[in-house]
Protein chains: 2
Amino acid sequence: MTASDAHTPASVEANDTDGTPRDIGWHKGYLSGSRPDLRVPVRRVHLTNGRDVTLYDTSGPYTDPNIDTDVRRGLPPLRENWIIGRGDTEEYAGRPLRPEDDGIKHTSPRGGLKNLDAVFPGRPRQPRRGRDGQAVTQLAYARRGEVTPEMEYVALRENVSPEVVREEIAAGRAVLPANVNHPEIEPMIIGKRFLVKVNANIGNSAVTSSIEEEVEKMTWATRWGADTVMDLSTGRNIHTTREWVLRNSPVPIGTVPLYQALEKVDGRAEELSWEIYKDTIIEQAEQGVDYMTVHAGVLLRYVPLTARRKTGIVSRGGSIMAAWCLAHHKESFLYENFEELCDILAAYDVTFSLGDGLRPGSIADANDEAQFAELKTLGELNSIAKRHHVQTMIEGPGHVPMHKIKENIDLQQEICEEAPFYTLGPLTTDIAPAYDHITSGIGAAMIAWWGTAMLCYVTPKEHLGLPDRDDVKTGVITYKIAAHAADLAKGHPGAQEWDDALSDARFEFRWEDQFNLALDPDTARAFHDETLPAEPAKTAHFCSMCGPKFCSMKISQDIRREHGGALDAAVAEAGMAEKSREFAAAGNRVYLPIAD
Amino acid sequence: MTASDAHTPASVEANDTDGTPRDIGWHKGYLSGSRPDLRVPVRRVHLTNGRDVTLYDTSGPYTDPNIDTDVRRGLPPLRENWIIGRGDTEEYAGRPLRPEDDGIKHTSPRGGLKNLDAVFPGRPRQPRRGRDGQAVTQLAYARRGEVTPEMEYVALRENVSPEVVREEIAAGRAVLPANVNHPEIEPMIIGKRFLVKVNANIGNSAVTSSIEEEVEKMTWATRWGADTVMDLSTGRNIHTTREWVLRNSPVPIGTVPLYQALEKVDGRAEELSWEIYKDTIIEQAEQGVDYMTVHAGVLLRYVPLTARRKTGIVSRGGSIMAAWCLAHHKESFLYENFEELCDILAAYDVTFSLGDGLRPGSIADANDEAQFAELKTLGELNSIAKRHHVQTMIEGPGHVPMHKIKENIDLQQEICEEAPFYTLGPLTTDIAPAYDHITSGIGAAMIAWWGTAMLCYVTPKEHLGLPDRDDVKTGVITYKIAAHAADLAKGHPGAQEWDDALSDARFEFRWEDQFNLALDPDTARAFHDETLPAEPAKTAHFCSMCGPKFCSMKISQDIRREHGGALDAAVAEAGMAEKSREFAAAGNRVYLPIAD
């Protein structure tokens with residue numbers, strides 16, 4: 001994005017008169033849009049020098065003390081009036097829920113189960129869809145030249161003009177995932193001209209996690225900066241878990257519907273069918289899932305291409321589809337029914353995330369024939385989806401050594417007409433299980449710099465187990481670093497202000513400001529306090545690296561005081577002599593900076 | 001390095017007949033050279049499939065159960081005969097040690113201190129230097145066409161021909177830091193055609209750490225893969241701490257002599273002088289320091305260039321020299337006496353690490369005039385050092401956003417005639433104190449890919465406090481990841497074998513092999529066991545990600561079995577139909593892979 005795209009609408013003012021306490025170092029503020037119900041949340045960090053720094057905020061109403069949240073009631077339906085106001089959707093009875101939606105067999109002794117329609121008591125309602133099956137997508141609106149409230153919202157969030165947002169969506173270079181049945185979300189945009197986004201995966205499995213834990217993981221992930229969350233549950237209570245997650249999520253929710261479809265056939269891939277899959281898609285679309293990973297590019301003829309790979313097919317969805325294709329010796333039902341699938345997604349504004357089922361699972365398999373063959377098919381499918389006005393992004397790898405990363409984004413952008421790329425890492429080496437947030441954070445930063453729009457996080461537990469709360473946080477923080485490093489490298493307008501504010505605080509020994517501006521204030525403060533726990537150390541002009549005797553950037557500050565205003569050589573020279581005298585006069589005390 | 005450079009000398013055989021127990025998953029092995037005392041340690045990982053994987057090993061004799069180590073005696077002087085054998089050095093009385101070498105004032109009430117000459121009882125000896133002040137450097141030997149035992153040693157370690165090693169050193173594109181007074185080290189090489197190396201900083205400060213702690217940190221760092229260690233102590237007992245570290249270190253030790261010199265003048269930079277500095281250099285050279293950071297590029301006229309910076313001068317050495325220059329309004333005594341300094345270093349084979357005292361301390365200051373002005377001076381100094389046959393590497397930043405990283409290495413390589421670049425990170429963003437191992441690991445991987453020869457680690461405590469044992473480990477592991485990712489991207493011969501071995505183990509569900517091949521086996525095993533602690537889970541064909549019912553790469557394995565041998569289309573087609581029948585016959589059970 002060039003500087004000329006930067007745009008601050010005149011009406012953008014902090015709505016800071018809401019009485020939020022200012023003594024915790026930051027508070028929740030809002031940017032006002034063109035209508036009273038268009039208020040974009042921001043995090044305002046209060047510096048001890050009296051200034052504020054405004055940061056993008058994904059944490060939702062949970063961090064606003066003026067909003068009373070209750071997970072059993074769900075979040076307020078922020079977008080409801082916008083959706084209804086467009087007049088192009090209708091409520092309808094919806095698909096009846098069935099016990100198997102939650103993985104409960106008809107023949108189960110626990111047959112007398114609770115009414116599934118009432119699993120989420122906070123929101124008894126009918127689903128909504130496009131009238132007469134019409135496309136009610138942000139893409140369709142953008143193409144018609146309409147700037148929706150959602151577009152204005154993200155324009156405020158990104159500090160660009162609403163017209164830039166509309167153009168990028170219309171061109172298919174960005175998506176704004178926002179199912180008409182998920183009015184709770186705070187709209188966000190995914191595209192290379194905007195801030196790089198981060199997705200966090202959650203989800204229970206056959207062995208672990210309760211519903212409460214998953215909701216907690218979701219709010220925890222968004223608190224640390226996750227822009228979207230994917231619910232990859234595969235165990236029991238898939239439907240109910242997802243309902244709780246959706247009703248309480250301020251960010252778009254993604255899923256891999258194939259996982260639930262597989263549960264419905266008790267894990268037997270060969271028993272999957274278009275009918276079961278379609279039923280699952282509608283079930284999830286009615287609940288409000290904002291984007292769905294669809295592995296429609298895994299074609300029968302590509303499967304043998306994986307035979308000589310080191311690690312075969314490592315995508316769960318990809319291998320399910322490969323298994324189905326092999327079992328039936330037929331072309332994938334996702335590929336064969338793709339146009340019908342598009343029509344369904346268009347009627348709810350569910351965004352496609354075209355899955356890379358044949359992505360490499362090891363350094364050895366990166367950029368191979370199977371991977372790029374599938375990518376070409378994803379390009380085809382992207383064109384079809386666009387004809388149906390379905391917003392579409394493309395998933396990418398995976399495991400890729402650094403010198404092969406750029407080819408991935410370049411090819412994807414070319415083949416998929418600049419549709420947003422959404423990559424998992426990539427991991428740049430395979431030798432560090434337990435540190436794959438780092439092996440992949442390296443690749444993620446690079447590929448985002450080169451144009452990837454959203455990064456799917458990887459936690460330290462990747463390849464080893466399911467992430468717990470700490471792993472989720474570590475994964476999100478690592479990926480926020482990668483995303484922000486890419487924003488800087490892309491020259492995103494305003495991105496560097498955050499770094500500059502923190503560097504200023506560091507230079508001026510404003511420790512509390514450093515902590516409050518940090519991506520993770522808690523850990524930064526704790527690390528500092530391990531060596532210098534006393535309160536005065538937080539205003540001291542030194543740190544534990546060099547101790548009280550030497551540590552300071554005072555000398556630099558002195559130089560700046562002397563030469564900051566007029567730096568031509570003559571003045572500088574004069575300043576030097578002066579400086580020499582001053583040094584002597586001040587007792588020749590030298591402060592030294594922190595690190596070497 | 002191209003594949004044609006790869007070289008396996010005929011004499012390289014595992015010296016595995018030493019009775020090391022093989023049941024711990026790996027053991028210490030040795031590669032044999034052309035003489036009996038030339039044995040290069042390696043880590044041999046034993047896989048459950050009967051194969052071995054050989055890895056580079058920095059852990060020293062501590063991991064060889066056949067060698068009896070004792071920190072009070074020090075390591076065996078591996079290189080002593082090689083050094084003496086060359087006949088170009090002589091023992092001499094050496095500089096008398098003084099109380100202030102350990103920061104003890106003459107006037108201190110603790111005046112009756114122990115004999116400093118005997119601080120390290122394990123090695124009462126005289127120092128050694130080049131006869132008649134001649135250059136006894138690996139550079140001088142290489143230029144004369146001599147392949148020293150040290151060069152053969154690193155050739156075995158790097159799996160290249162000794163002649164490649166000699167050529168790279170002779171051309172100044174690589175350094176082999178090996179002070180004649182540090183015979184204990186296992187030689188290693190730093191240059192862009194070799195494996196990327198990692199340095200770990202240790203060192204006490206005025207507030208923390210005992211001598212034992214520092215020795216322990218050094219052995220801990222090398223256990224996890226540190227290739228060199230810098231002792232940056234600034235507190236009490238600097239001399240004694242360094243003696244203990246040197247006598248027990250299997251890797252080259254670096255220092256910043258200016259730190260100790262400053263202690264000798266009680267922290268008053270303006271009281272520093274060439275005499276005090278020179279005295280300190282000789283003191284440290286006699287002890288065996290292998291490379292020294294010298295901030296000789298901080299010139300008086302560059303200091304004003306830092307005035308308008310966001311974070312001024314952040315290098316401790318740089319600011320000490322800037323303070324001295326300002327206080328005296330004179331050119332740096334390091335710059336003015338550089339040729340004499342070269343002669344001293346040449347007589348001990350101490351390698352220069354020309355410090356970047358004006359490196360940027362924030363994203364805002366990256367690649368600015370001050371930084372590149374100093375780099376040009378470092379280029380000059382590099383040429384002078386080379387004339388004196390002193391091995392030289394160049395230090396680099398620092399804080400640099402991704403899009404400005406490549407310019408750093410390209411300029412450095414051009415200006416410094418391809419002398420090895422040795423960078424601190426760089427950190428790619430300033431917003432994540434407590435995670436600067438990650439912000440910098442990203443930059444480190446990239447700059448190493450593009451040619452940086454050694455990476456100085458950054459720990460999670462950077463900017464906040466002094467690293468403890470856990471931080472040291474995290475820093476080293478993060479940087480080993482960055483270094484290895486770069487080795488892969490550079491196509492270093494053999495680098496990918498490690499990844500491939502681990503990926504094979506992953507694909508074949510050989511969990512124990514995955515753990516043993518991991519950069520950090522302990523943490524990988526612990527993470528796995530958090531969810532599936534039982535012993536059988538380590539041979540199971542599933543993991544906790546998908547549970548016992550679905551998880552496996554079996555389908556990929558099936559495909560391989562069918563199609564791996566003959567992959568042309570016809571055979572593949574036939575295989576498909578066969579596969580379809582087989583699936584049905586086997587009860588249509590599908591195994592699914594781990595991650596999605």
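Sequence lines set the chain letters: A, B, ... in the order given, protein chains first and strands last, and positions in each chain run from 1.
- When each of A:Thr439, A:Thr523, A:Leu488 is scored by its heavy-atom pairs under 4.5 Å with chain B, the top score falls to A:Leu488.
- Ring-centre distance between A:Trp449 and B:His403: not below the 6.0 Å cut-off.
- For a residue to count as touching a neighbouring chain, one of its non-hydrogen atoms must lie under 4.5 Å from one of that chain's; by this rule B:Met446 touches chain A with backbone and side chain alike.
- In this structure, a donor-acceptor pair under 3.5 Å is present between the side chains of A:Asp499 and A:His484.
- Among B:Ala434, B:Ala489, B:Ser362, B:Pro521, the residue with the largest count of heavy-atom pairs under 4.5 Å with chain A is B:Ala489.
- When the candidates A:Ala526, A:Gly443, A:Ala485, A:Ala495 are compared by the number of heavy-atom contacts under 4.5 Å with chain B, A:Ala485 comes out ahead.
- Chain B forms the most heavy-atom pairs under 4.5 Å with one residue out of A:Ala501, A:Ser503, A:Gly357, and that residue is A:Ser503.
- Both the backbone and the side chain of B:Ala486 come within contact range of chain A, each with at least one heavy atom under 4.5 Å from a heavy atom of that chain.
- For B:Leu517, the part lying under 4.5 angstrom from a heavy atom of chain A is the backbone only.
- Between chain B and the residues A:Ala364, A:Ala444, A:Pro401, the most heavy-atom pairs under 4.5 angstrom are made by A:Ala364.
- Here the side chain of B:His528 pairs no donor or acceptor atom with the backbone of A:Gly465 at under 3.5 angstrom.
- Using a 4.5 Å cut-off between heavy atoms, B:Asp468 contacts chain A through its side chain alone, with no backbone atom that close.
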Worksheet item: Stepwise, does the salt bridge (Lys or Arg N to Asp or Glu O under 4.0 Å) test hold for A:Asp365 with A:Lys310?
Response: CA-CA 6 Å; A:Asp365 294 342; A:Lys310 195 157 275 295; over 6 Å; no
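- Ranked by non-hydrogen atom pairs under 4.5 Å with chain A, the options B:Ile431, B:Leu502, B:Leu519 are led by B:Ile431.
- Most heavy-atom pairs under 4.5 Å with chain A: of the set B:Ala432, B:Ala445, B:Gly441, B:Gly355, this distinction falls to B:Ala445.
- Legend: residues meeting salt bridge (Lys or Arg N to Asp or Glu O under 4.0 Å) with B:Asp500, ordered by chain and number and at least two apart, are absent.
- Between chain B and the options A:Thr428, A:Thr474, A:Ile481, the largest number of non-hydrogen pairs under 4.5 Å is found for A:Ile481.
- At a 4.5 Å heavy-atom cutoff, the contact between B:Asp436 and chain A is made by side-chain atoms alone.
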